[in-house]
Every structure is written in C-alpha cells, then in structure tokens.
Chemist: 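After the structure tokens below, expect a handful of questions from me.
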Amino acid sequence: MNAPHAPDEPLHRIRHSLAHVLAQAVLEYRPGSTLGFGPPVADGFYYDFILSEPISEEDFPELEKRMKHILKRNQRFEREELPRDEAMARLSGMQEPYKREYAEELFEKKSLSTLTFYRSGAFLDMCDGPHVESTKDIPRGCFKLRSVAGAYWRGDSRNVMMTRLYAWAFESEEVLEAHVKAYHEALARDHKKLGKELELFVIDEQVGKGLPLWLPNGTVIRDELERLAKELEFKAGYHRVATPHLTKAGLYYQTGHLPYYKDHIYPIMELKEQTESGEVVREAYCLKPMNCPHHHRIFAARKRSYRELPLRLAEYGQVYRFEDSGALSGLLRVRGMCMNDAHIYCTEENLKREFLAVMELHKQLYEILGLTDYYMRFSTWDPDDPKGKSKYVDDPVAWEKSQCFIREAMVESGLPFREVKGEAAFYGPKIDVQFRTVTGREETASTNQLDFAVPQRMNLSYVGADNQEHRPYIIHRAPLGTHERFVAFLIEHYGGAFPTWLAPTQVRILVVADRFLDYARALEEDLRISMVRVEVDASGERINKAIRNASTAKIPNVLVLGEREVEERGVTLRRYGVEEQEAMPYEAFKARLLKTIESRSRGFVAAPSTCS
RNA sequence: GCUGGUGUAGCUCAAUUGGCAGAGCAGCUGAUUUGUAAUCAGCAGGUUAAGGGUUCAAGUCCCUUCAUCAGCUCCA
C-alpha cells in the first residue's frame, strides 16, 4: 500500500495550498464561519469548519467556481513567522477560537517560541506549510470537491462537531479524472453490492444491525477459508479448542479488560432471585467480546510444564462487541463476528521464534489468497502519552523488552513494517495487517499481540526445569482476523469472481437442449460424489441466456453440453473471464478440476501427469 | 453515539415538485428445444420503512422512531 506523501513533495504542497483556497472560498461563501484543521490526505485534502450556515453537496458547484476564481488571481503564499505574543495577539484579532486553542497548546506543550502564518490574498491561516509559491503553480482542474461530513474537533467525541469538506486533488486534471473514474469502477466491487448480487449474506433489520446472516453461498467461502486456516494451523502445531458464546462477566474483571473495554461489551445479563431482603443478583453473564479469557482458562485447567510449551490453542470463535451504530458497515464492521483466533503460551526463550512462525503463517495464507496490497503496522506504547497510565499497563521494562522481541522477529521475517507509537493494546505491543477497501478506507484485517500483562492478572503459570513457577508470555494472533471482515476483503479483492476452490458454485452445467439433461445429471452426480460444488441449469433457457446467467453469477467453470459432448463423453469448458472455450474428454476435465481445487490454484491447472 | 445524506415491488430505478403508485430485471404459467452473453406471451408482485401531523388531497411538506450510506470516534 502506498505510503503517505512526504511534506516537501510538490503534490503535497498543491493539496495543502488547495485546502487554504477551499477555506478562503468557504469564508467568502459563508462569512462568519470559523476554521479547524485543513491538511492534505491520501487522495486530496480536507478542511474542517464551524459554518455560519450549513453547506451541502448542492453547494459544491458554487464553491468550486469560487475556488477557481481564487486560483486565477495568482495569489502568492507568503510565509510569516511571529513570536509568541505577536502570534497570540494576531489570533485573538482573527476570531479563530480553535486555531487559538491549538496555538496555546503548541506554545505550552511543544514549547515553540514562534508560530508560522501563511497569507494568500485576503486569506490568512496559522499553518506550518509548506505551500506552493503562488496559486498559479496549482494545475487547472486538478481538484474536485468530494463529500461533506461531520468531524469532531481534534478527533475527540467530547468536542464540538465540525463540518468537514473533502476534496480530491492530483497533479493534473488527467490524473484526477483517471482517479475519479477508477474510483467509480471500484465501487462495482464493493462487498455490500456484490454480497447482495451474489447472495453471499444479508443483514436483516429484524435480526439486528451488525448481525449478518450468512447465506449458503457466503457460508461456502467462510467454510473454505476456515478449512484452509485449520490445515495450516494443524501443520504448525496448533490444538483446536471450542468455547461458549456466553460467559460469566466476572472473567473480564479478572483479565482487566472491563475498564478498557466496557463500552464494547453488550449489556450484562443478570439472573436475579427474590429473597427476604429483596431482589439479589445471583449470577451475571455477558456475551463474550473476545476468546482470550476462555483460552486462558483452558491453559489453567491443570498444572502446565515447560515441556508442553509453546502451547498453541486455536478456535474459530464467535464473539459479540457492541460497536457504535454509526460505525457499522456491511461486513466490515459488525457486532457479531467469528474470529480466526489463537493464543500461544510460551516462555521468553520461545517468544521470538513463535512470533516469527506466526508471521510465516501470514505469508502462507496471503500467498495462497493472492493478497499483496497490505502493510504491517507495528503498534507500540507511548510512555509520554498523557493518558498513558490509564491507557496502558504500567510496566515500562516489560514494554521495552516485548517490543524488542517483535522488532527483531519482524526484521528477521523480512516483512516490511511501519512503527506507530501509541497504538498498542493495553496489555502489549502488536502487529496489525492493514488492508484498503474499494472505497479507499484502511482497515485492520489481522492482529497479532504480545501479552505480558494478562498472564499475571489471571495468575497463569507453568513449572520450569528449575521446578519453580514461571509466568508464560502469550501471543494473541488472528491472521484472518474475522470471517466477516476478511470475507469482505476477499469479495472486493476478487471482485466477486472467486477462484474455483473458494467459489460457492464451482461448476455449472448448461445444455444446448433439454434432451441432453440426462447426460448433464450424470456428470453432476459424478462430480458431486467427488465433493465438487456443481449444479445443472435446467431452466430451459436458450444457451445464450444460460451463458449470460452463469457469467453474471461469476461462476468460474461452465460446461456446455450438446450432441457432440454426449457422443464423445466430453465437455466444452468455458472459464469465467476467458473468451475461448475448450473441448476435452470428461475424465480429463474432472482430473484437472480436482487438481485445481485441491491445490487451491487461482488458475485452471494442466492435466496431472499420468506417468509417475 | 455524533454531523450530513438516503429509504417506492426480491433487485435497479421512475412518478411532470401536493393531484389515479409505474417500468426493466428476477419470480410464476404457457409456448418455443435452440451450440456460446438477454426467445415470445401472459400472470402475479405495494399499508411508498414505521407511527403521528398539516391539507379537500401526501410517495412528495412537518415531527418522532427505525434502517441504511459517507465521515468522525473506535476497532477485527
């Protein structure tokens, strides 16, 4: 995935300067509005405002017109650096309370001595730059207003909600148009759209938002993915376990999750009992928001020896998290999800090798699925975070040590990663795998965390060679994240045209006329007992229509049967997205098909060699 | 949860701005039996998301709720 642009790149300057032009246009159009932040972002820029009067997308043509007028004026961007007192005095005169608040913070916390302003025409903004020299350096027609949305001041939901205007901006009109076109084409691959068209899943109002129902077609994809992960995990020495959806709430007090996680746990169910002194709560249960505590209890089910470490417990575990309703989105963010979860209990000596093995598992999975467009994000703690004490487990030595293990393992794995300070889980550092959706949103698919805190809280231990009790380390890992989100990625990745091994229907058999249906049924039966997902199109539609239907359904392999095929016990194969059809004996087709499925090939493999 | 959109048949969308709810696809029935991307005809399909209000009259205007989309926040 592309890294963000460096600040001194020309495109970055253009975007940053256009943000000022937008702000200038907005202040002309809605006098009395105040400014928030307006930075460049991946595909363009945005600017946040408190507007004196609302702006909707209907106002975009007018705003764009005003921006273009400003560009024509050849305004220069002039940099001014003012000492603290002068800067604050100027900000007070500007009626920009949010800029002033930020300036105060810069002086206090970052102990800056001066503040930078940029003036372009009548517009003055507190801004660090850099900018283009003049608006004439901004290519004509290189931007387009995109959307209007709400955004909290400084990203904090306790703050005021501002209006954010997003725009696309590129180095030229051609690049902009190509990008906008590509964006609209990409929307055809949106998992919500394809999920409906291909009947993969539905989200039913009566069942509840964020609680997807997996239709037969979608369930096939889940099952195949699960089978793949189980195979690789078995080979990597994992043991499978199974745990219930419901659990006593007290467990999460013990792990320490509750204070950090309370808002995301469904309301606790209390079993009450009437007594003489009134109603008392006998038991409190919750839907489990994560599988870890249960696996930890399995670890603690008996005394553990260092000889059985590392112990790797794996489960495709269903969990429920109460996400904000506004955050829900198709399969990408749901409230009920099934995690490709596992916990590895190990010694400090095991740690690096186990983490490497987890990374190796990622490589294998992503290689088979053909995924290349992702990056690994290494999230560490931030000892200087003002919320540090409440946000993270307080154990600086353990933080440094465990981060060191991960860093070494990552370097050794050869996988590129990017370090982000302050994004760690409360109990330890983590490696997340980030993907981008068709709409350009970045999402975490896989998450892998090192945990040195929970073993202590849950009092987990093993007996070492020295006959003493020791604390294990835990690696939490979920290379496929959740079925929900991962299947969403795969739908978009393949554009709904799944490779044969994943495809809900692997083979559809069409007949030129109904009298060939007997032959079709015979092949269907033979393929089905070989575990192939096959179906016969007995709709009686003309062959053209039947082919069109199979193609619309993105079925990878279509067989066309008629007089010739029946006579020769052959088939004519039509592959999705391939123009030419191919005639071959049925047995040859079957052998190649089975090989394609077994090898999880993304193409259609050649016939296996008959000689040994 | 917050800001701003949207909600009409299973799906994609109309309805001349307040005046008789409609089309294509899908579905069902019948005819056709066709060799590589849409055969023809008929039928059926709706409390216009739900509830309330304004009006002679509401899919259309107003209010509440629900769902959904784009963001913010959060996270798999």
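No hydrogens, no waters, no symmetry mates; every other heavy atom, side chains included, goes into these values. Below, read A as the first sequence line, B as the second, and so on, with proteins coming before strands; counting in each chain starts at 1. Owing to the predicted nature of the structure, the values given are computational and were not obtained by experimental measurement.
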Chemist: When you measure from the side chain of A:R548, which nucleotide among B:U34, B:C2, B:A38 comes out closest?
Modeler: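 The answer is B:A38, which lies nearest to the side chain.
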Chemist: Over how many whole Å does the gap from A:I509 atom CD1 to B:G35 atom C1' extend?
Modeler: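 Result: 17 Å.
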Chemist: If we ignore hydrogens and angles and just use 3.5 Å, is the side chain of A:Q506 paired with the main-chain N or O of A:T500 as donor and acceptor?
Modeler: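 Yes: the side chain of A:Q506 pairs with the backbone of A:T500.
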Chemist: Please tell me if A:K192 has a side-chain N or O lying less than 4.0 Å from either OP1 or OP2 of B:U68.
Modeler: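 Result: no.
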Chemist: Measure from NZ or CZ of A:R15 to the centre of the six-membered ring of A:F170 and say whether it is under 6.0 Å with the direction within 45° of the ring axis.
Modeler: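 Pair A:R15/A:F170 counts as cation-pi.
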Chemist: How is A:V334 classified with respect to the nucleic acid when contacts are heavy atoms under 4.0 Å: base, sugar-phosphate, or nothing?
Modeler: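 If one applies the 4.0 Å heavy-atom cut-off, A:V334 turns out to touch a base.
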Chemist: As a test of your reading of the structure, name each stem of RNA chain B as range with range, where a stem is three or more consecutive Watson-Crick or G-U pairs at under 3.5 Å.
Modeler: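 Listed by first number, the stems are B:1-7 with B:66-72, B:10-13 with B:22-25, B:27-31 with B:39-43, B:49-53 with B:61-65.
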Chemist: Would B:U17 be called syn or anti here, given the cut-off of 90° from 0?
Modeler: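 Syn conformation here, the glycosidic angle of B:U17 being no more than 90° from 0.
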Chemist: Find every protein N or O atom lying less than 3.5 Å from an N or O atom of nucleotides 25-27 of chain B, and list the pairs.
Modeler:
residue	atom	partner	partner atom	Å
B:A26	OP1	A:K545	NZ	2.8

Chemist: Using whole Å, what does the distance between atom P of nucleotide B:C66 and atom CD1 of A:I203 come to?
Modeler: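 Checked: the CD1 to P distance equals 18 Å.
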Chemist: Are the side chain of A:Q403 and the backbone of A:W381 linked by a donor-acceptor contact shorter than 3.5 Å?
Modeler: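 The answer is yes, because a donor-acceptor pair under 3.5 Å joins these two groups.
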Chemist: Indicate whether OP1 or OP2 belonging to B:C75 is found under 4.0 Å from a side-chain N or O atom of A:R321.
Modeler: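 Indeed not, no polar side-chain atom of A:R321 lies that close.
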Chemist: Reckon A:S147 has a side-chain N or O less than 4.0 Å from the OP1 or OP2 of B:G71?
Modeler: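 For B:G71, OP1/OP2 do not have a side-chain N/O of A:S147 under 4.0 Å.
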Chemist: Return no unless some side-chain N or O of A:K430 is found under 4.0 Å from OP1 or OP2 of B:A76.
Modeler: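 For B:A76, OP1/OP2 do have a side-chain N/O of A:K430 under 4.0 Å.
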Chemist: Verify the contact: side-chain N or O of A:S329 to OP1 or OP2 of B:A70, cut-off strictly under 4.0 Å; return yes or no.
Modeler: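 Result: yes.
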Chemist: Looking at B:A37, does its base get a donor-acceptor pair with the side chain of A:S551 below 3.5 Å?
Modeler: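 Result: at least one qualifying N/O pair found.
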Chemist: In whole Å, what is the span from the CZ atom of A:R164 to the P atom of B:U73?
Modeler: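 After rounding, the reported distance stands at 7 Å.
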Chemist: Would you call A:E233 and A:R312 a salt bridge, taking side-chain N to carboxylate O under 4.0 Å as the test?
Modeler: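 No, no charged N to carboxylate O under 4.0 Å.
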Chemist: Hey, does the side-chain of A:R333 have a donor or acceptor N/O within less than 3.5 Å of a partner on the base of B:U68?
Modeler: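 No such pair is found, so the answer is no.
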Chemist: Hey, is the side chain of A:E565 pairing donor to acceptor with the base of B:G35 inside 3.5 Å?
Modeler: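 Indeed there is one.
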Chemist: Classify the side chain of A:R485 versus the base of B:C75 as yes if they form a donor-acceptor pair under 3.5 Å and no if they do not.
Modeler: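 Indeed there is one.
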Chemist: What integer number of Å spans the C1' atoms of B:A50 and B:A15?
Modeler: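 After rounding to an integer number of Å, I get 23 Å for this pair.
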Chemist: Once you round it to whole Å, what is the distance between C1' of B:U73 and CZ of A:F322?
Modeler: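 The distance from CZ of A:F322 to C1' of B:U73 comes to 15 Å, rounded to the nearest Å.
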Chemist: Does A:N544 contact B:U36 through a side-chain donor or acceptor facing the base, at a distance under 3.5 Å?
Modeler: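 Side chain to base: no pair present.
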Chemist: Return no unless some side-chain N or O of A:K209 is found under 4.0 Å from OP1 or OP2 of B:A67.
Modeler: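 So the side chain of A:K209 is within the cut-off, an N or O lying under 4.0 Å from OP1 or OP2 of B:A67.
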Chemist: Which nucleotide in the set B:C75, B:U36, B:U33 lies at the smallest distance from any side-chain heavy atom of A:I547?
Modeler: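 Comparing B:C75, B:U36, B:U33 against the side chain of A:I547, the answer is B:U36.
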Chemist: Please state how far atom CZ in A:R542 lies from atom C1' in B:A31, giving the value in whole angstrom units.
Modeler: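 Taking atom C1' of B:A31 as the reference, CZ of A:R542 is at 10 Å.
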Chemist: Could you please name the option among B:C75, B:A37, B:C72 that lies closest to any side-chain atom of A:Y152?
Modeler: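 Closest nucleotide to the A:Y152 side chain: B:C72.
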